[in-house]
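Notes follow the structure.
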2 protein chains.
Amino acid sequence: MCLQCDYESLLRASRLDVTDNRRRVLEVIGNNSYPLSAADIFQTLQRSAAINRVTVYRILDLLVAHGLVERISTGGRAAYFGLAPNEHHRPHPHFYCKRCGQMECLNPESLTLDSDAFGKTFPGRIDKVEVRLDGICKNCMR
Amino acid sequence: MCLQCDYESLLRASRLDVTDNRRRVLEVIGNNSYPLSAADIFQTLQRSAAINRVTVYRILDLLVAHGLVERISTGGRAAYFGLAPNEHHRPHPHFYCKRCGQMECLNPESLTLDSDAFGKTFPGRIDKVEVRLDGICKNCMR
DNA sequence: CCCATCGTGCAATAAAGTTGCATAGACCAA
DNA sequence: TTGGTCTATGCAACTTTATTGCACGATGGG
């Protein structure tokens with residue numbers, strides 16, 4: 001998703017110690033063109049070197065808390081994770097295939113939403129706007 | 001949410017047998033002005049008459065499959081349920097408070113999205129568009 | 001009345017995520 | 001270097017949310 005991103009610098013910029021595991025988690029997420037579930041990330045990491053499931057969850061929480069990674073809900077049960085919007089990546093909607101469970105990133109322009117205007121009239125704090133389309137992807141259609 | 005809705009007729013219109021439990025589940029969902037979690041629905045039902053937790057899940061699945069009820073994801077773990085859009089209820093976005101876990105329905109006009117145009121160019125099937133804002137509600141702000 | 005079907009309950013299980021505690025490693029001051 | 005402190009990680013146990021398998025009971029048609 002982001003060849004311009006230097007994951008180590010991203011960690012440092014958030015004042016997080018750089019550890020192997022953190023760098024690896026961020027790499028797996030960043031190198032994918034679509035968001036992954038915690039289980040996907042865990043399995044991918046396991047293939048290259050041992051890591052504990054709980055460590056993955058903890059690192060994901062940390063990265064989400066520091067705004068490096070975004071937690072995306074699905075029509076299903078598990079949460080998915082992708083790089084959070086930043087100067088290289090604008091916020092964008094996602095498409096979730098109910099059949100195969102894969103999530104796609106959609107073009108930021110494809111569906112626009114004026115949430116700023118709404119935010120001004122809303123009597124609470126808005127941290128995030130999530131737009132998700134659910135359906136069947138073209139591969140599963142056949 | 002819907003004083004005009006006759007839940008028994010809704011069930012019949014979907015060719016579902018009308019049972020006490022189904023009517024009760026639909027009533028609890030329909031009489032609320034905001035979506036509820038399965039646990040909320042179960043507890044509410046328990047207060048008036050015994051029902052099994054699994055039955056609630058099964059009825060929810062059934063109602064969702066028949067398009068009477070809509071499953072709404074949250075920033076958290078559990079799914080929430082509200083009446084599905086129909087002639088009385090237009091699709092609308094939701095606001096989820098990360099602190100208290102309550103979900104609010106927002107005005108259909110407050111955030112509009114042109115998904116029809118997008119749908120024409122998308123090479124898959126789109127069943128549903130979900131727009132959710134996450135943040136802190138005004139009660140939890142203080 | 002008998003059989004088939006469907007809705008429900010109960011127990012067990014699964015999936016996804018969290019917590020508590022122990023160890024190991026990094027970093028710093030003396 | 002040593003000792004102290006802090007953080008990251010691993011492991012086991014647990015929680016929450018949801019699903020499955022099986023049995024029972026009610027209902028309606030032949």
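As a basis for the values below, the full set of heavy atoms in this structure was taken, side chains included, without hydrogen atoms, waters or symmetry mates. These numbers were taken from a predicted model, which means no experiment stands behind them. Lettering of chains follows the sequences in order, A, B, ..., and the numbering in each one begins at 1.
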(request) Report yes if at least one side-chain N or O of A:Tyr57 is closer than 4.0 Å to OP1 or OP2 of C:dT18; otherwise report no. (result) no
(request) Would you indicate what A:Arg22 reaches in the nucleic acid, counting non-hydrogen atoms under 4.0 angstrom: base, sugar-phosphate, or nothing? (result) sugar-phosphate
(message) Tell me the interatomic distance from A:His66, atom NE2, to D:dT7, atom P, rounded to whole angstroms.
(response) 12 Å
(message) How long is the straight-line distance from OG1 of B:Thr74 back to OH of B:Tyr96, given to the nearest 0.5 Å?
(response) 4.0 Å
(message) Taking atom types as they are modelled, would you say the side chain of B:Arg58 forms a donor-acceptor pair with the base of D:dG21 within the 3.5 Å cutoff?
(response) yes
(request) Give a yes/no on whether any side-chain N or O of B:Thr55 is located under 4.0 angstrom from OP1 or OP2 of C:dG9. (result) yes
(request) Check whether any side-chain N or O of A:Arg24 sits under 3.5 Å from a backbone N or O of A:Leu45 as a donor-acceptor pair, and report yes or no. (result) yes
(request) Indicate, with a heavy-atom threshold strictly under 4.0 Å, whether A:Ala39 touches base, sugar-phosphate, or nothing. (result) nothing
(message) Whether A:Arg23 and A:Asp20 form a salt bridge (side-chain N of Lys/Arg under 4.0 Å from carboxylate O of Asp/Glu) is what I want to check.
(response) yes
(message) Could you measure the distance from the OG atom of A:Ser14 to the CG atom of A:Leu68? Nearest 0.5 Å is fine.
(response) 3.5 Å
(request) With A:Pro35 as reference, evaluate A:Met103, A:Glu104, A:Glu70, A:Gln102 under the side chain to side chain contact (heavy atoms under 4.5 Å, CB included) test and give the passing residue. (result) A:Met103
(request) Whole angstrom is fine here: how far is it from CG in A:Leu11 over to C1' in D:dT7? (result) 15 Å
(request) Rounded off to whole Å, could you give me the CZ-to-C1' distance for the B:Arg15 and C:dT5 pair? (result) 18 Å
(message) Rounded to whole Å, how long is the line connecting atom CG of B:Leu45 with atom C1' of C:dG9?
(response) 15 Å
(request) Report yes if at least one side-chain N or O of A:Asn52 is closer than 4.0 Å to OP1 or OP2 of D:dT9; otherwise report no. (result) no
(message) Using whole Å, what does the distance between atom P of nucleotide C:dT8 and atom CG of B:Asp20 come to?
(response) 9 Å
(request) Mind calculating the distance between CZ (B:Arg53) and C1' (D:dT15) to the nearest angstrom? (result) 12 Å
(message) Without decimals, in angstroms, what is the distance between A:Arg24 CZ and D:dA8 P?
(response) 17 Å
(request) Tell me whether the OP1 or OP2 atom of C:dT8 has a side-chain N or O from B:Thr19 closer than 4.0 Å. (result) yes
(request) For A:Val54 and for A:Ile59, locate the closest nucleotide of DNA chain D by heavy-atom distance; then report the residue assigned to the nucleotide nearer the 5' terminus. (result) A:Ile59
(request) Determine the contact category for A:Asp61: base if any of its heavy atoms lies under 4.0 Å from a base atom, sugar-phosphate if only primed atoms, P, OP1 or OP2 are that close, otherwise nothing. (result) sugar-phosphate
(message) Expressed as a whole number of angstroms, how long is the span from A:Asn21:CG to C:dA26:C1'?
(response) 15 Å
(message) For B:Asp17 and B:Arg77, find the nucleotide of DNA chain C closest to each by heavy atoms; which residue's nucleotide sits nearer the 5' end?
(response) B:Asp17
